[in-house]
Amino acid sequence: MCGIFGYVGNKPARKILIDGLRTLEYRGYDSAGIFTPRGGVIQAVGPIAALEECLLVDDSSVAGIAHTRWATHGAPTLANAHPHHDATESIWIVHNGIIENYQELKEELAADGVTFYSDTDTEVLAKLIGRQRADTLQAAVVVALARVRGTYGLVAMHVDRPDELIVARMGSPIVLGVGSGEHFVSSDPAALLPHTKTVLYLEDGEVAVVSASACNISTLDGVHRQKATETIVGEAAQLQKQGFAHFMLKEIHEAPEVIENAIRGRLMAEEGTVKLGGIEPYLEVFSKLDRLTIVGCGSAYYAGLVGKYLLEEYAGLPVEVELASEYRYKRNYHLGNTAVLAVSQSGETADTLAAVRKAKAAGILTLGIVNVVGSSVARETDAGIYTHAGPEVAVASTKAFLSQITVFALLAILLGRQRQLSAENGKELIQALTELPQSIQKTLALSSYIAEIAKKYAHTRNMMFIGRTFHAPLAYEGALKLKEVSYLHAEGYAGGELKHGSIAMLDAEFPIVTLVPQDAVYEKMLANISEVQARSAPVIAIGTEGDTLLPKTVDDVILVPKVHEMLQPIISAIPLQLLAYHVGVAKGLNVDRPRNLAKSVTVE
Ligand code: F6R
């Protein structure tokens with residue numbers, strides 16, 4: 001949440017800063033602002049586009065800082081927009097995170113005569129830095145940060161040192177990009193792709209003095225850190241819409257490639273198993289696991305729920321799935337040989353990271369299923385599996401969700417082969433995985449048909465989603481997706497739960513999306529459909545090709561290719577994503593940037 005970008009080098013800074021913010025906009029779009037030593041500060045409420053006219057004004061600065069905000073302290077107003085400054089307007093900072101003791105610090109500064117122009121915790125930090133009697137900005141930042149409780153990714157600049165950025169990190173992501181005679185600072189490596197693939201990751205408790213030619217990193221208590229650069233993967237073109245109307249639609253359409261990337265080099269067709277390099281050193285440990293706890297938030301949590309069904313069914317491994325935001329604050333019992341597996345697209349979700357840290361502190365093996373390479377969850381877990389879905393720009397997760405389930409399928413095969421899955425069944429699953437991208441392609445061809453269904457229901461006020469077993473978490477995810485991008489009230493239930501309360505809501509104005517593949521619970525789902533039809537609720541069914549009964553039974557039907565039961569949730573997710581997308585579009589909403597949301601939830 002909140003994106004920060006910094007530049008110091010040999011090129012005009014403003015354009016670089018604004019381009020950087022455009023990539024980071026998914027992290028928040030309540031307001032945006034930049035500061036350059038010669039051009040001063042420019043801020044605007046709303047998305048980055050509002051800043052663009054500043055590009056017309058001459059500014060020869062070759063350094064600067066920029067911020068796109070997801071409001072935490074204070075409304076999205078101009079006064080609260082970053083960058084913020086100290087009392088003399090000499091020091092300017094951009095900040096991602098939360099200063100938890102800002103109220104206490106603010107009162108202390110106010111008692112000293114300091115006045116404040118905003119409601120933000122960041123202004124308090126800027127004023128605190130400005131009050132330090134120190135020879136350098138770095139020293140002032142370090143002394144001020146010693147007083148701070150909370151999280152920060154911070155970039156500061158002093159007007160007297162226009163060639164230097166001070167960067168610090170505690171709990172919020174920061175990566176430094178190394179160019180030729182230039183350096184960049186970003187909340188997300190993806191925003192560096194147009195400039196460089198050579199990066200240095202800052203760790204919690206580190207501070208960097210960054211100039212065009214050098215990058216000196218030390219700990220907050222002054223110990224020098226020598227770091228090796230790392231290379232990030234990806235192409236800048238992935239950050240463009242490439243002809244699609246929205247990133248969300250583009251990312252849904254990337255599904256076949258996403259599955260190919262998730263399985264590439266990992267299938268061992270002859271042995272009927274898979275190879276997952278990142279967790280290979282722990283194979284022996286996995287064979288002795290008594291249970292696994294999966295943690296995640298939002299869609300990643302729902303992917304974890306699908307993972308539970310897959311791992312229990314195919315690997316015979318007992319699994320529990322916990323919301324990371326609950327796991328981190330409650331008492332957890334880990335009996336026998338156990339591990340905690342965090343699922344996260346960004347790898348920066350504060351609650352997920354905190355859950356990982358809690359498990360680690362308890363001496364439990366931690367694993368990750370993560371998309372963003374080099375992210376905090378990826379770096380802090382003992383081992384992990386990258387999903388390789390590529391940058392996901394739209395705020396609502398689509399392709400990452402599919403890639404997470406695909407990785408769970410791979411893990412279920414791997415652990416299954418260690419436990420109970422025959423080579424023959426393993427081979428069958430590998431074959432099904434290989435054929436999956438083709439079936440996904442066929443499913444995507446339903447987009448305009450689904451758009452018509454979406455138009456029909458776009459102006460309803462409520463929608464319910466139901467599914468059973470592997471498809472129960474899909475019902476939850478379908479409802480979440482619809483809520484996010486269309487602001488419709490939607491609820492997801494396991495089909496069997498309906499009659500325990502929520503059926504009371506249904507009437508002719510309350511459509512219900514039913515997930516009805518021809519699997520072991522097909523008839524149970526048909527029974528659910530009859531029950532809701534008896535309450536006059538319109539029924540949209542997502543079934544499988546070849547089903548002749550369903551089209552005769554429901555109001556609208558979407559038939560997708562039938563694949564192996566293990567992989568059917570991946571196919572079923574696509575019409576749910578397309579339905580949400582098309583309802584959002586039919587309502588004229590910005591589906592890529594839904595209100596009140598930010599993609600990477602780095603606050604708690
Ligand atoms: C839903 C969505 C969120 C994320 C959640 C976790 O479309 O995007 O619910 O799934 O915030 O984010 P990550 O996976 O980055 O930890």
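As the structure lists them, so they are numbered: ligands from 1, and atoms in each ligand from 1.
Scanning the protein for heavy atoms near atom 15 (O) of ligand 1, the closest one is S346 OG, 2.6 Å. Among protein heavy atoms, the minimum distance from atom 12 (O) of ligand 1 is reached at T349 OG1, 3.4 Å. Regarding atom 3 (C) of ligand 1, its nearest protein heavy-atom neighbour is S299 N, 4.1 Å. Atom 11 (O) of ligand 1 has as its closest protein heavy atom V601 CG2, 4.0 Å. Ranking the protein heavy atoms by distance from atom 5 (C) of ligand 1 puts C297 O, 3.5 Å first.
Checked by atom type, the side-chain pair T366/E380 shows no donor-acceptor distance below 3.5 Å. Of the N and O atoms on the side chains of R266 and T406, not one donor lies less than 3.5 Å from an acceptor on the other residue. Under the 3.5 Å distance criterion, with hydrogens and angles disregarded, a donor-acceptor pair is assigned to the side chains of Y314 and E565. Judged purely by distance below 3.5 Å, without hydrogens or angles, the side chains of E477 and S299 pair a donor atom with an acceptor atom. Side-chain atoms of H582 and S447 form a donor-acceptor pair, as typed in the model, at a separation below 3.5 Å.
Ligand 1 places these atoms under 4.0 Å from at least one heavy atom of Q345: 13 (P), 14 (O), 15 (O), 16 (O). Near A300, with a cut-off below 4.0 Å to any heavy atom, the atoms of ligand 1 are 10 (O), 14 (O). Close contacts between ligand 1 and K481 involve ligand atoms 1 (C), 7 (O) [criterion: under 4.0 Å to a heavy atom].
Some N or O of E484 is nearer than 3.5 Å to an N or O of ligand 1, by distance alone.
With a heavy-atom cut-off of 4.0 Å, V395 touches ligand 1 through its backbone alone. Contact annotation: for E348 versus ligand 1, there are no heavy atoms closer than 4.0 Å.
Annotation: K227, atom NZ; neighbour count of heavy atoms from other residues, nucleotides and ligands within 6.0 Å is above 12.
Rounding to the nearest 0.5 Å gives a distance of 12.0 Å between NE2 of H253 and CD1 of I440.
A salt bridge links K481 to E484: at least one charged side-chain nitrogen sits closer than 4.0 Å to a carboxylate oxygen.
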